[in-house]
Amino acid sequence: MKMKLPFLIALLASIYIEDGTFVSISDQVFSITPGTDEEVEIIKNLTSKDEIELCHPDSAHNIKMNSDVHLYMNISDLDFVKDLLHKNGIKYKVMVENAQELIEMQTNKESIGPRSFTGSFYEQYHPLEEIYSWINKISHEHPDMLEIILIGSSFEKRPLYVLKLTGRRNSPKRAMWIDCGIHSREWISPAFCIWFVQNAIDSYNKNPEITQMLDNMEIYVLPVMNADGYVYTWTTRRMWRKNRSRYEGNNCVGTDLNRNFDAGWCTKGASHDPCDNTYCGPYPESEPEVSAVAKFLREKKDSMKLYFTIHSYGQMLLFPYSYSYNQAPNHDELQHLADEATQKIQRYYRTRYSSGPGATTIYLAPGGSDDWAYDLGIKYSFTIELRDTGRYGFLLPPQLIQPTCLEVLTAIKTITSHVIKNT
Ligand code: ARG
Ligand code: ZN
């Protein structure tokens, strides 16, 4: 990613050599579908290697027979892994042939040549420093609509800024919250929050639904909750999910912020092992990023009517519960609303989103922010898993930021207007 060599690498995923084989020259993403328990075990074993990253499902415990597993493989492991899969007769597909090329496109340092894409600021991914500058700039440009609130700091002491977005009418009594970037590798998520703020400001007093939203709700937006992890994905390790906290006695770094909330904390679906991708942390709200958000929402809980947390990938609209199979008290209303919202998405670009409670739609996953917000009293609480379903996965090209955001905005508008009518 520094000089000219990656440019060459980007052109070719593999080099043909004389004996009739191809040698890969980039990291790759595989999709593997284990057909037996034995194959499940082999794949689980692979994920314990440090340079092999599990992209889907989130945790090795959820690797099941006959369901797809997406693995990001370092170039150094490719031959070994392909060999192992062949030997065991395990079928796999190379989903991303040239991961480095996709990373170059996402970090767009004008090196890709003819295929390069230079969209506007809102159609690009940005490192944290640029996001901080943007927060400052846009707030200065729209002092009548935006206010910066410092809600706390990350483990490595980076500031956590929330943007308070309002229309120009007198203060509404309701509030809603959107957070992005709980998981650092899900770059489309912060891109969504940034795009959303800009779009709302531009559409205010032009688009009736946005105007209604801003006139009736204070909107609190946290663009990057996992600031430290986000920086780490830009500098060191693209597929990092957790934050960067360290605890004495732990032999690995990072807690899964979406397993650290105080909602069924660390029951089935999370891990006490600090080396796991779904490590729940030493105790609920141990992580400064989680406690900052929890404290803020607790203070605002009387006016807070609607909670969104933005993740990727999977194209899903999820609601409580994820820590148990119990139905939420207003389950039918939430399901109905989610169906209506996903139909709007489908009508937009034909993109299919599935919907339902987290536990039955994906798997048990306790300690999540959506469940915690719900149990705090926010009766409309949603996790949105943005595009795609694995074709690019976390390496979604910048060209797809805008369509991803536009279609999901239709869902958010639908849900918000229901909440305004019913609270
Ligand atoms: N992929 C997300 C995760 O595993 C899904 C979150 C759904 N909500 C939840 N509370 N687990 O964190
Ligand atoms: Zn996530």
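Basis for what follows: all heavy atoms, side chains included, without hydrogens, waters or symmetry-related copies. Treat the numbers as computed from the prediction; the structure is a model and nothing was measured. Note that ligands are numbered from 1 as they come in the structure, with each ligand's atoms numbered from 1 the same way.
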Test ring pair (Phe, Tyr, Trp, His ring centres under 6.0 Å) applied to H272 and W265, Y283, Y279, the passing residue:
W265
For W177, run the ring pair (Phe, Tyr, Trp, His ring centres under 6.0 Å) check against F296, Y220, F382 and tell me which one passes.
F296
Closest E186 atom to the Zn ion (ligand 2) [N, O or S only]
OE2
Give the atom name of whichever N/O/S atom in H183 sits closest to the Zn ion (ligand 2).
ND1
Which of the numbered atoms in ligand 1 are under 4.0 angstrom from any heavy atom belonging to N258?
3 (C), 6 (C), 12 (O)
Closest heavy-atom contact between T342 and S354?
CG2-O, 4.3 Å
Atoms of ligand 1 close to A365 [distance to a heavy atom under 4.0 angstrom, numbered from 1]
9 (C), 10 (N), 11 (N)
Which residue and heavy atom of the protein sit nearest atom 10 (N) of ligand 1, plus the separation:
D370 OD1, 2.6 Å
Using a strict 4.0 Å cut-off to heavy atoms of H183, name the atoms of ligand 1 that fall inside it.
12 (O)
Taking only heavy atoms of S322, which atoms of ligand 1 are found under 4.0 Å from at least one of them?
7 (C), 8 (N), 9 (C), 10 (N), 11 (N)
Atoms of ligand 1, numbered as shown, that sit under 4.0 Å from any heavy atom of R241
3 (C), 4 (O), 12 (O)
Is it the case that N243 and S245 place a side-chain donor and acceptor less than 3.5 Å from each other?
yes
Decide yes or no for D388 and L400: does some side-chain heavy atom of the first lie under 4.5 Å from some side-chain heavy atom of the second?
no
Honestly, for I362 the part within reach of ligand 1 (heavy atoms, under 4.0 Å) is side chain
Between the side chains of E123 and S120, is a donor N or O closer than 3.5 angstrom to an acceptor N or O?
yes
Do W187 and Y230 have side-chain heavy atoms sitting under 4.5 Å apart?
yes
At what distance is the nearest protein heavy atom to atom 2 (C) of ligand 1, and which residue and atom is it?
E385 OE2, 3.2 Å
Under 4.5 Å between any side-chain heavy atoms of P357 and Y321, yes or no?
no
Could you tell me which N, O or S atom of H311 is nearest to the Zn ion (ligand 2)?
ND1
For S369, is at least one N or O under 3.5 Å away from an N or O on ligand 1?
no
Which word best sums up how the rings of F121 and H126 line up, parallel for under 30°, tilted for 30 to 60°, or perpendicular for over 60°?
parallel
Within-cut-off N or O pair, H311 and ligand 1, under 3.5 Å:
no
